[in-house]
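Just so you know, these numbers use all the heavy atoms, side chains as well, and skip hydrogens, waters and symmetry mates. First the proteins, then the strands, lettered A, B, ... as listed; each starts at 1.
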Amino acid sequence: MAREYNPKEIEKKWQDIWDKEEPFKAEIDRSKPKYYTLVEFPYPSGEGLHVGHPRPYTAMDIIARKRRMEGYNVLFAMGWDAFGLPTENYAIKNKIHPKIVTEKNVARFKAQLKSLGYSFDWSREINTTDPEYYKWTQWIFLKLFEKGLAYKAEMPINWCTQCKVGLANEEVVNGVCERCGGQVVRKVKKQWMLKITDYAEKLLNDLDKVDYTEKIKTQQRNWIGRSEGAEVDFKIKGTDECLRVFTTRPDTLFGATYMVVSPEHPIIDKYKDKIKNYEEIQKYKQEASKKSDFERTELVKEKTGVELKGLKAINPVSQKEIPIWISDYVLMSYGTGAIMAVPAHDERDWEFAKKFNLPIIEVVKGGNVNEAAFTDTESGILVNSDFLNGMEVSDAKKKMIAWLEEKGIGKKKVNYKLRDWVFSRQRYWGEPIPLVYCEKCGWVPVPESELPVTLPDVENYMPTDTGESPLSNIKDWVETTCPKCGGKATRETDTMPQWAGSSWYFLRFTDPHNNKAFASKEAIDYWMPVDWYNGGMEHTTLHLLYSRFWHKFLYDIGCVSMPEPYVKRTSHGMILGKNNEKMSKSRGNVINPDDIVNEFGADTLRTYEMFIGAFDQSAPWSQQGVKGCRRFLDRVWRLMDIVVDGDSYSNELETKMHQTIKKVSLDFEQMKFNTAIAAMMSLVNDFYAVQKINKAELKTFLILLNPVAPHITEEMWQELGFEGRLYNQKWPKWIEEKTVENTVEIAIQINGKVRSTVSISIDDDKATVKEKVMSNEVIKKNIEGKSIVKEIYIPGKIYNIVVK
RNA sequence: GCGGGUGUGGCGGAAUUGGCAGACGCGCUAGAUUCAGGUUCUAGUGGGAAACUAUGCAGGUUCAAAUCCUGUCACCCGCACCA
């Protein structure tokens with residue numbers, strides 16, 4: 001009898017051996033093909049690891065371990081995305097420096113991850129808060145600044161009243177702060193912005209070049225939100241000015257019966273004197289400014305607005321005079337902040353026109369514009385539109401654009417929903433933006449030789465009530481000299497958002513200790529691009545887009561040699577609490593992976609997380625399910641009691657062995673870990689059914705299971721006296737012909753209903769099978785006295801007899 | 001509202017170039033081992049006494065449908081007045 005399976009003991013043992021022997025250390029080796037597997041590096045929160053973390057990590061660890069056994073040189077590394085609000089908030093509350101908090105959290109996370117036996121190359125560990133790391137984050141920012149892709153703009157930003165910090169649009173979820181749930185209002189601030197919109201087209205088009213799941217591509221496309229249309233200038237009556245609008249329906253220009261501008265539109269102040277109801281307008285503006293974008297666009301169902309009395313526009317095609325309104329359903333941040341309203345063919349305009357009694361002119365036939373807006377763009381013939389009459393919508397669009405361009409009052413235009421990236425945070429715990437402001441020279445970059453601009457040590461990192469960064473209180477840090485003229489200058493006190501460090505970390509992994517460049521050309525050329533990147537659905541818009549943007553920029557300036565950073569991107573589902581609800585502290589349903597490791601072992605946790613369900617779908621946690629996986633590993637362990645000699649697969653198990661190798665190999669590639677494990681469980685059941693397993697079979701089995709449960713398999717390998725280490729064995733191959741059983745049982749159906757089964761040889765031809773079928777007693781009885789209409793034989797599957 | 005997804009035993013889930021629905025695991029039932037067992041082993045386990053009947057619901061195509069088509073309901077996720 002073998003000793004008892006004791007995961008506590010053997011897991012620690014092997015983790016120590018891996019630390020010492022460093023088998024997962026990745027070095028450039030041109031004799032092998034490289035493979036770069038990547039998981040999202042975590043934010044080391046104070047709560048420690050969550051059971052959600054090991055799901056993607058184990059999945060990619062399986063891929064990494066399998067790839068190594070297939071002969072690849074694998075890069076798989078881990079690090080810490082450690083800047084961020086929770087750490088800073090904790091630091092403020094407990095009066096501990098965020099650096100100390102971070103160190104503590106990282107130590108905890110690292111110990112937890114180590115206890116799970118991942119094959120990370122720990123010598124490549126990185127930390128975004130390390131000055132040696134953020135030096136290069138700052139360096140990339142300066143390159144962006146140099147190329148004019150970073151600029152400061154006065155922006156109405158989302159202001160979280162609780163965190164006292166500006167948020168990007170994307171960080172506002174349902175009108176509240178994504179992090180703290182606090183109320184978000186609009187506030188105007190000077191912000192550093194990154195011109196991601198310059199890359200909108202490339203970010204969109206290059207999605208065709210990469211292997212992301214369709215779901216992910218769709219989300220990226222939606223977020224970029226490309227729409228084609230035209231810009232059209234409307235003359236403002238009695239002035240030389242034009243009001244420019246963006247429209248996707250230039251064909252409906254004859255139906256434009258009024259215009260609407262956003263409350264922030266500059267035209268209002270410009271023609272202050274002409275507007276007769278200026279006070280009323282001011283009042284409306286003030287109310288609108290109190291609302292967040294969310295409230296303006298979400299909560300207010302009923303359209304509101306005020307006419308700009310005294311101002312009129314001229315419809316450029318009909319020459320008719322039309323009124324101009326302001327309304328908060330028009331956003332300054334999209335298009336030109338002004339629209340032409342075609343109530344007959346736009347639902348929002350139609351609603352607005354009905355409410356304020358504005359004229360509705362039908363210009364596309366097909367609906368009843370008194371009842372509802374007719375918005376079909378596929379079909380429909382133009383009417384009431386002079387030179388467009390009788391044309392199809394699509395032709396009319398082209399014709400109108402040509403006409404506008406000829407007259408010089410409009411042009412074809414592509415717009416994107418994607419907006420520039422608000423890159424400033426008024427916070428302490430982030431990368432300082434490496435710029436100084438000089439009265440004479442303006443914004444001047446800190447010279448490369450002086451990077452990194454480090455965070456000063458301070459007593460107090462409380463945010464200021466004015467919305468300035470805590471850094472602004474530190475005089476001797478803020479006051480500096482201008483690198484250009486040597487005069488007095490002040491440092492930028494805003495810091496970068498958390499997205500910054502994670503926008504290029506995958507590049508740093510290729511060469512993490514380089515102090516001459518963010519990574520050497522050699523390392524980048526060898527390791528990049530990332531072959532397989534798995535992460536959460538919650539990061540498939542922002543992080544993925546931002547990091548693709550930075551990478552494309554680095555490509556354009558010649559720092560990397562491929563336009564896309566990730567060849568393949570997949571995503572995992574969430575792990576939920578018992579009752580299918582999100583795990584959260586407030587619900588009290590959080591499972592701590594440490595407890596599972598302590599009670600059952602890391603291999604059990606890993607196996608369970610992979611067995612829990614389809615990888616890309618969310619799945620509820622079940623303590624019973626964990627037990628089942630432990631039971632499986634116990635059974636695997638006890639295989640040592642029934643092992644016999646043999647250096648090739650036994651006759652009775654040969655087919656099953658080849659089937660399992662095939663199933664596991666292919667399922668791992670498709671991230672169908674649950675069915676791969678099921679196949680291995682089934683194989684183990686067979687070993688017990690025949691009450692023996694020979695060494696050849698056991699070797700193969702241990703290799704197959706090793707990526708999932710690396711400790712127990714490695715221990716058994718050693719215990720059984722097999723040569724070398726399991727982790728550098730070769731991945732087994734299957735022989736296709738040997739995956740097929742010689743004899744199979746097929747179903748016999750009468751009129752599509754299974755009546756009996758029959759055993760046939762795989763080589764039997766139809767006639768032979770028919771003979772066997774027809775001599776079956778049950779079938780004989782069933783077709784007695786009936787006439788056979790048709791017989792269908794699907795080789796090796798089914799024999800169906802249609803009778804009357 | 002738009003986009004994407006999911007509905008299968010008591011539970012997690014398998015099976016989709018249409019071909020024996022319920023693999024694998026949990027739970028449950030019975031028996032064996034055990035001083036004992038939250039251990040292990042053996043057998044059984046969708047419903048129904050049975051004919052039969054079962055993949056959210058209603059139709060359709062087919063020799064054959066969880067899988068294809070039409071309609072419909074429910075839930076989840078993302079986006080949300082983007083002109």
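Nucleic acid contact for A:Gly225: none, since no nucleic acid atom lies under 4.0 Å from a heavy atom of the residue. Residue A:Thr247 is in sugar-phosphate contact alone, with no base atom involved, counting any heavy-atom pair closer than 4.0 Å across all strands shown. If you check every strand for non-hydrogen atoms under 4.0 Å, A:Asp349 touches nothing. Residue A:Lys672 is in sugar-phosphate contact alone, with no base atom involved, counting any heavy-atom pair closer than 4.0 Å across all strands shown. Note on A:Ala338: nothing from the nucleic acid sits closer than 4.0 angstrom, heavy atoms only.
Between A:Thr655 and A:Thr739 the shortest side-chain heavy-atom distance does not fall below 4.5 Å.
One P atom belongs to B:rG7, the other to B:rA43, and the distance between them is 32 Å to the nearest Å. Only the C1' atoms considered, B:rC20 is 14 Å distant from B:rA65, to the nearest whole Å. Taking the P atoms as reference points, B:rG3 lies 43 Å from B:rG48, given to the whole Å.
Taking only side-chain nitrogens and oxygens, A:Ser227 comes nearer than 4.0 Å to OP1 or OP2 of B:rA83. The side chain of A:Asn674 contributes an N or O atom lying less than 4.0 Å from OP1 or OP2 of B:rA14. For A:Gln749 and B:rA64, the shortest distance from a side-chain N or O to OP1 or OP2 is not below 4.0 Å.
Between B:rA23, B:rC81, B:rC79, one nucleotide has an atom nearer to the side chain of A:Lys417 than all others, and that is B:rC79. Among the nucleotides B:rG78, B:rG19, B:rG25, the one closest to the side chain of A:Met681 is B:rG25. Among B:rG19, B:rC79, B:rC81, the nucleotide with an atom closest to any side-chain atom of A:Asn800 is B:rG19. For A:Asn685, whose side chain is taken as the heavy atoms from C-beta onward, the closest listed nucleotide among B:rG27, B:rC24, B:rA83 is B:rC24. Closest approach to the A:Val802 side chain among B:rC63, B:rA14, B:rC20 is made by B:rC63 (side chain taken as heavy atoms from C-beta onward).
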Only distances under 3.5 Å count here; give the side-chain donor-acceptor pairs of residues 618-630 of chain A to other protein atoms, sequence neighbours excluded, each with its distance to 0.1 Å.
| unit_1 | atom_1 | unit_2 | atom_2 | d |
| --- | --- | --- | --- | --- |
| A:Trp621 | NE1 | A:Gln623 | OE1 | 3.1 |
| A:Ser622 | OG | A:Gln624 | N | 3.3 |
| A:Ser622 | OG | A:Gly625 | N | 2.9 |
| A:Arg630 | NE | A:Asp634 | OD1 | 3.4 |
| A:Arg630 | NE | A:Asp634 | OD2 | 3.4 |
| A:Arg630 | NH1 | A:Phe600 | O | 3.2 |

Distance-only donor-acceptor hits, side chain of residues 676-686 of chain A, under 3.5 Å, sequence neighbours excluded:
| unit_1 | atom_1 | unit_2 | atom_2 | d |
| --- | --- | --- | --- | --- |
| A:Ser682 | OG | A:Lys656 | NZ | 2.9 |
| A:Asn685 | OD1 | A:Arg635 | NH2 | 2.9 |
| A:Asp686 | OD2 | A:Lys656 | NZ | 3.4 |

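Between the side chains of A:Thr541 and A:Gln219, no donor-acceptor pair of N or O atoms lies under 3.5 Å.
Here CZ of A:Arg638 is found 13.5 Å from CD1 of A:Ile693. Values are rounded to the nearest 0.5 Å.
Within 6.0 Å of the NZ atom in A:Lys766, the count of heavy atoms belonging to other residues, nucleotides or ligands exceeds 12.
By the 30° and 60° cut-offs, the orientation of the rings of A:Phe352 relative to A:Trp325 is perpendicular. Ring pair A:Tyr799/A:Tyr793 is tilted by interplanar angle, where 30° to 60° counts as tilted. Classified by interplanar angle (parallel below 30°, tilted 30° to 60°, perpendicular above 60°), the ring pair A:His543/A:His539 is perpendicular. The aromatic rings of A:Phe615 and A:His572 sit tilted, their planes meeting at an angle between 30° and 60°.
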- Task: For nucleotides 2-12 of chain B, just jot down a letter per nucleotide in 5' to 3' order: B, S or -, based on protein non-hydrogen atoms under 4.0 Å.
- Result: -SS-S-----B

- Readout for nucleotides 33-56 of chain B: B = base within 4.0 Å of protein heavy atom, S = sugar-phosphate only, - = neither; 5' to 3' it is -------SS----------SS---

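Counting atom types as modelled, A:Arg226 pairs no side-chain N or O with a base atom of B:rC82 as donor and acceptor under 3.5 Å.
Taking a pair as Watson-Crick or G-U wobble with both distances under 3.5 Å, RNA chain B forms stems of 3 or more consecutive pairs at B:1-7 with B:73-79, B:10-12 with B:24-26, B:27-32 with B:40-45, B:56-60 with B:68-72.
Partners of A:Lys217 under the salt bridge (Lys or Arg N to Asp or Glu O under 4.0 Å) rule, at least two apart in sequence or in another chain, do not exist in this structure.
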